[in-house]
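Values below: every heavy atom of this structure, side chains too, minus hydrogens, waters and symmetry copies.
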Amino acid sequence: MTITKRFWISLIFSIPMLIGMILMPFGIMVPGSEWIQFVLTTVVMGVAARPFVQSAWASFKKHHSNMDTLVAIGTATAYIYSIYAMFTHQAVFFESAAFVITFVLLGQVFEERMRNNASNAIEKLVDLQAKDAEVMRDGKLVQVPLSEIVAGDIIRVKPGQKIAVDGVITEGSSTVDESMVTGESMPVAKNIGDKVIGSTMNSNGTFMFKAEKVGSDTMLSQIVELVKKAQNSHAPIQNLTDKVSEIFVPVVLSLSILTFLVWYVFLGATLASALIYAVSVVVIACPCALGLATPTALMVGTGRGAKMGILIKNGEVLEEVNDVKTVVFDKTGTITKGKPEVTDIIGDDKQVLAIAAALEESSEHPLATAILDKAKMDEIPTATVSNFQAIEGKGVSATINNQQAFVGNDKLLNDIKIASELRDQMIRLQDEAKTVVFVGLNHEIIGLIAIQDAPKETSKEAIATLKSRGLRTVMLTGDNERVAKAIAQDVGIDEVIADVLPGDKADHVETLQKQGKVAFVGDGINDAPALTMADVGIAMGSGTDIAIESGGIVLMKNDLRDVAKALELSRKTFNRIKLNLFWAFVYNVLGIPVAAGLFFAIGFTLSPELAGLAMAFSSLSVVTSSVLLNKAKISGDVKTA
């Protein structure tokens, strides 16, 4: 039976006793009210309270105690004593047992509702999945349900349709709205060879794509699993809660027995009065809020992170983030875009680029690809070439419009002179760690093209934000030191560790950990060991599956600015957990003396049912505190502004 059903049963069967309590001061007594209360409370104890008793008994058999132990002992004591009192014509306290169960369940209902609300963003993503797709079967396009799509299927997507699964475009082009998965608001242009993500929305073109990942392997399914795993995980601070419970419960039970003995034996109170104080101590001490403190904050924090495109995969990360002193970055694909691109053209832009593109058209070299991409972007028409030939180790040459053109590297300078002005430009570009391509016509160099794996537009701002928070930034890369230092200087990195072999990255992270906790940000297969070794591994969402699996945090938008947001969100979530634990203990510490009757002389006492209500309010305050985490300002998150 669900917690909500148990709560409603407990509430419905407790209300008649509440009405009886309200009428009693007016001298209105319901005939046989004790027997009615006995029947009503028996239903509450048998149905709504049974799981508490079962949990307490299971813990007792293992020589442990938990919060359910307090609830079970307190309510069972009140219930059993009331049966004895009913037959001996003394005051009964059936309503105390029933109301305590009702209020405890009220706190648990809030917890369950919190858990559901925190998962809403993910459930909405799942609901937005395509239900079917047009798949090529036996040479014909047929409509099939999502569950029947297999890897390798060729699928057609029309304008306005959802993309069914993850895959690669084989025919056609379009723009795709990927905001629901990546958070990127601008539609992304997609052409043949580009990857598409399941459940994203196709905009204006029709294309065919080959299914690569289906079912639980799709990006959306993996996101859902990561968030679920995080929401059900425990931060290490939760272990402290469990250890406290081991000590706290026996202490409370001892205080309850001591309270009973002091009132009954030493102060001469009636058995009923002494028992009420003892039961009140047990009930007010039941820190249900303690059990809510960690999971509710964790669920809200991870749920909010998912909406921001930041996946916090487990609770352990939160505690580690709190003490991070150094953030280490991989270079290629993390700080930089991960592919070479043209950054500078010296000379007549159109002429230089047209010659270079014409000669590099049939080359598959990454630098040639960068030149061709730039020509395509600038809409430079490709000239017809003839007499194409390679200049061994130097470049290529061909005839364009009856003129001899050539493109190559700096070894061409051994045969061909370069103007002093171009030479100065060449030295400047090389000092910036850019690869320089020489473009010539009729035995004369007419221009230069500089190519570099350039930093992402957001990298400089991201590094500056981290440094402003007192964090040390380090670049750890296998690239040569000159290139690495040029990039580091461009984006503002504090320290560079270059020429690192893939297998040695984790060792360097371990060395840095001797100076304080380390967060590592990376995206490649070679980054996986370092991501695992670091106290906090942050994987870029565009990275390899193994890197994403190794990271404790995944940045879906591939935006380095999200590193600072992820660290800030994690810190605020962990601080909220600590605040929740503080308030949970404060309620108990303040409540126990009142429940024990220390303030009886001034007329300030606490009955078991009021103790249960106070306990429910403590749970409500903790849940409210966790919900307010949704409103906490995270720098750069426009939704919180």
[Y] and [X], any side-chain heavy atoms less than 4.5 Å apart:
X    : Y    : answer
I155 : I149 : yes
I493 : V474 : no
V521 : D330 : no

Contact list for residues 425-437, test salt bridge (Lys or Arg N to Asp or Glu O under 4.0 Å), sequence neighbours left out: D344-K434, R428-E432, E432-K434
Under the salt bridge (Lys or Arg N to Asp or Glu O under 4.0 Å) definition, can you give me all pairs with a residue in residues 194-206, not counting sequence neighbours? K195-E212
Decide, yes or no, whether a salt bridge links [X] with [Y] under the criterion of side-chain N to carboxylate O below 4.0 Å.
X    : Y    : answer
K376 : D373 : no
D559 : K456 : no
K337 : D453 : no
R469 : E568 : yes

Only one of K517, K325, Q513 passes side chain to side chain donor-acceptor pair (under 3.5 Å) with D535, and that residue is Q513
My understanding is that only residues two or more places apart in sequence, or in another chain, count here; which of them pass side-chain contact (heavy atoms from CB on, under 4.5 Å) with [X]?
X    : result
A383 : A358, I400
R482 : Q430, N480
A462 : L560, R561
E379 : none

For [X], check salt bridge (Lys or Arg N to Asp or Glu O under 4.0 Å) against everything at least two apart and list the hits.
X    : result
E171 : none
D166 : none
D348 : none
K374 : D378

Shortest non-hydrogen pair, F207 vs G172, comes out as CB-C, 4.0 Å
On a heavy-atom basis, which atom in V536 and which in E320 lie closest, and how many Å separate them? CG2-CB, 3.7 Å
Is it true that, when you exclude [X] itself, more than 12 heavy atoms of the residues, nucleotides or ligands shown sit nearer than 6.0 Å to its [atom1]?
X    : atom1 : result
Q515 : CD    : yes
K210 : NZ    : no
Q489 : CD    : no

Show, in sequence, the C-alpha distance, side-chain angles and deciding distance for D490 and K460, and conclude whether the salt bridge (charged side-chain N to carboxylate O under 4.0 Å, His left out) test is met. CA-CA 7 Å; D490 191 8; K460 189 171 185 176; 5.0 Å; no
By side-chain hydrogen bond (donor to acceptor under 3.5 Å, both in side chains) - contacts of K485 (at least two apart): E481
side-chain hydrogen bond (donor to acceptor under 3.5 Å, both in side chains) against Q403, all qualifying residues, sequence neighbours excluded: none
Among T477, T473, V491, I487, find the one that has a side chain to side chain contact (heavy atoms under 4.5 Å, CB included) with F329. T473
Within this structure, what is the CG-CG distance for the pair D507 and L512, rounded to the nearest 0.5 Å? 11.0 Å
Would R156 and Q161 count as having a side-chain donor-acceptor pair, cut-off 3.5 Å? no
